[in-house]
Amino acid sequence: MTVFAIPTANGCFRAEFSERGLCRLRFPCPKDTTGESSGSTPSSAVQEWAGLIQCALNAAVQGEPFATPPLDLQFGTPFQLNVWDELRRIPTGQTRSYREVAEAIEQPGAARAVGAACGANPVPVFVPCHRVLAAHHRIGGFSAGMKWKRLLLQAEGANFIG
DNA sequence: CCCTAGCGGTGCT
DNA sequence: AGCACCGCTAGGG
């Protein structure tokens, strides 16, 4: 596993990679002083992915199209993997409600569980959990902080209440 | 706005 | 098995 610091205009993200791809992306935390990377020496593939992610994150907050690196989500439960797959099918600028996502995976009563799965999403932005809103376009929650959810939605031109 | 009942997955005991 | 969380929702005051 390799940890890579990803400086952007909005702070320093941290990306964790396996040899298969991006496992986890952390938003900048206020106390994040050092932008040091750690772990095994990054392979050229990891360095390439890190560069791609840096571009993607800067693009995402500008509302520009961005590429997605290979993802390694092997630690999800079957339900979570279903939800995360479904989230990746929401086009940029569109939103779904937690309920609609639950219906799309054919578990119409699982809106609340979908919320929990969104909260467990290890790769925000690339698995676009920010495009999931509560009923009636209310913004709902976001584990990494509501400011990020608002920023990403506004950048994409999506409309929401809150 | 608030409150309540009902909901399904997950993790801990 | 039980239980307490949750990025939820619909309905009613």
Side-chain angles (χ1 to χ4, degrees), chain A residues 1 3-6 8-18 20-32 39 49 53-54 56-162:
Chain A
M1 201 73 91
V3 181
F4 223 100
I6 313 246
T8 74
N10 285 275
C12 189
F13 288 72
R14 303 189 116 238
E16 301 180 15
F17 298 94
S18 70
R20 306 169 67 96
L22 178 67
C23 297
R24 186 173 165 89
L25 179 70
R26 299 179 198 270
F27 283 88
C29 64
K31 291 295 287 183
D32 196 353
W49 296 335
I53 289 165
Q54 183 176 40
L57 291 174
N58 281 317
V61 298
Q62 309 270 339
E64 295 161 6
F66 57 90
T68 297
L71 303 179
D72 180 7
L73 304 179
Q74 61 182 304
F75 294 110
T77 67
F79 177 83
Q80 288 168 341
L81 295 174
N82 263 332
V83 172
W84 300 339
D85 276 353
E86 191 59 40
L87 300 190
R88 296 186 68 182
R89 313 177 66 181
I90 308 175
T92 303
Q94 293 193 25
T95 61
R96 301 285 184 272
S97 68
Y98 294 98
R99 169 99 109 126
E100 286 170 330
V101 173
E103 286 167 350
I105 61 172
E106 297 179 318
Q107 299 185 58
R112 196 169 186 173
V114 167
C118 289
N121 169 23
V123 231
V125 182
F126 299 111
V127 171
C129 56
H130 60 281
R131 294 179 190 146
V132 189
L133 305 179
H136 313 300
H137 292 93
R138 292 165 54 89
I139 188 167
F142 199 66
S143 22
M146 300 298 304
K147 48 182 164 25
W148 283 111
K149 188 167 184 174
R150 277 190 265 267
L151 178 60
L152 291 166
L153 287 169
Q154 280 166 0
E156 295 184 1
N159 55 327
F160 57 93
I161 312 291

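Naming convention: chains lettered A, B, ... in sequence-line order (proteins, then strands); numbering from 1 in each chain.
- Protein chain A contacts DNA chain C from C:dC6 to C:dA10, reading 5' to 3' and using non-hydrogen atoms of the protein with a distance under 4.0 Å.
- Contacts of A:F79 with the nucleic acid, taken as non-hydrogen atoms under 4.0 Å apart, involve only primed sugar atoms and P, OP1 or OP2.
- Here the closest heavy-atom approach between residue A:A67 and residue A:A56 is recorded as O-CB, 3.5 Å.
- Closest of all the heavy-atom pairs between A:T95 and A:A158 is CG2-CB, 3.9 Å.
- The residue A:G119 sits close to a base: some heavy atom pair falls under 4.0 Å.
- Of the inter-residue distances, the one linking A:Q80 atom CD with A:L87 atom CG reads 11.0 Å to the nearest 0.5 angstrom.
- Between atom OH of residue A:Y98 and atom SG of residue A:C129 there is a gap of 8.0 Å, rounded to the nearest 0.5 Å.
- Among the atoms of the strands shown, none is found under 4.0 Å from any heavy atom of A:V114.
- Mapping A:R99 and A:H130 onto DNA chain C via the closest heavy atom, the residue that lands nearer the 5' end is A:H130.
- Inter-residue side-chain proximity for A:N10 and A:W148 is flagged as met; some heavy-atom pair is nearer than 4.5 Å.
- Residue pairs satisfying the salt bridge (charged side-chain N to carboxylate O under 4.0 Å, His left out) criterion with at least one member in residues 116-139 of chain A, sequence neighbours excluded, are listed as follows: A:R131-A:E156.
- Within a 6.0 Å sphere centred on CD of A:Q74, heavy atoms belonging to other residues, nucleotides or ligands number more than 12.
- The base of B:dG6 is paired with the side chain of A:R112 by a donor and an acceptor separated by under 3.5 Å.
- If A:A116 and A:A134 are placed on DNA chain C by their nearest nucleotide, the residue sitting closer to the 5' end is A:A116.
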- In dot-bracket form, how is DNA chain B paired, counting a Watson-Crick or G-U wobble pair only if both its distances are under 3.5 Å and using | for bases paired to another strand? ||||||.||||||

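- Atom CG of A:L81 is separated from atom P of B:dG9 by 14 Å (rounded to the nearest Å).
- Side-chain contact between A:V125 and A:I53 is absent, with no heavy atoms from C-beta onward closer than 4.5 Å.
- For the pair A:N82 CG and B:dT10 P, the computed distance is 10 Å after rounding to whole Å.
- Distance alone, capped at 3.5 Å, places no donor-acceptor pair between the A:N121 side chain and the A:W84 backbone.
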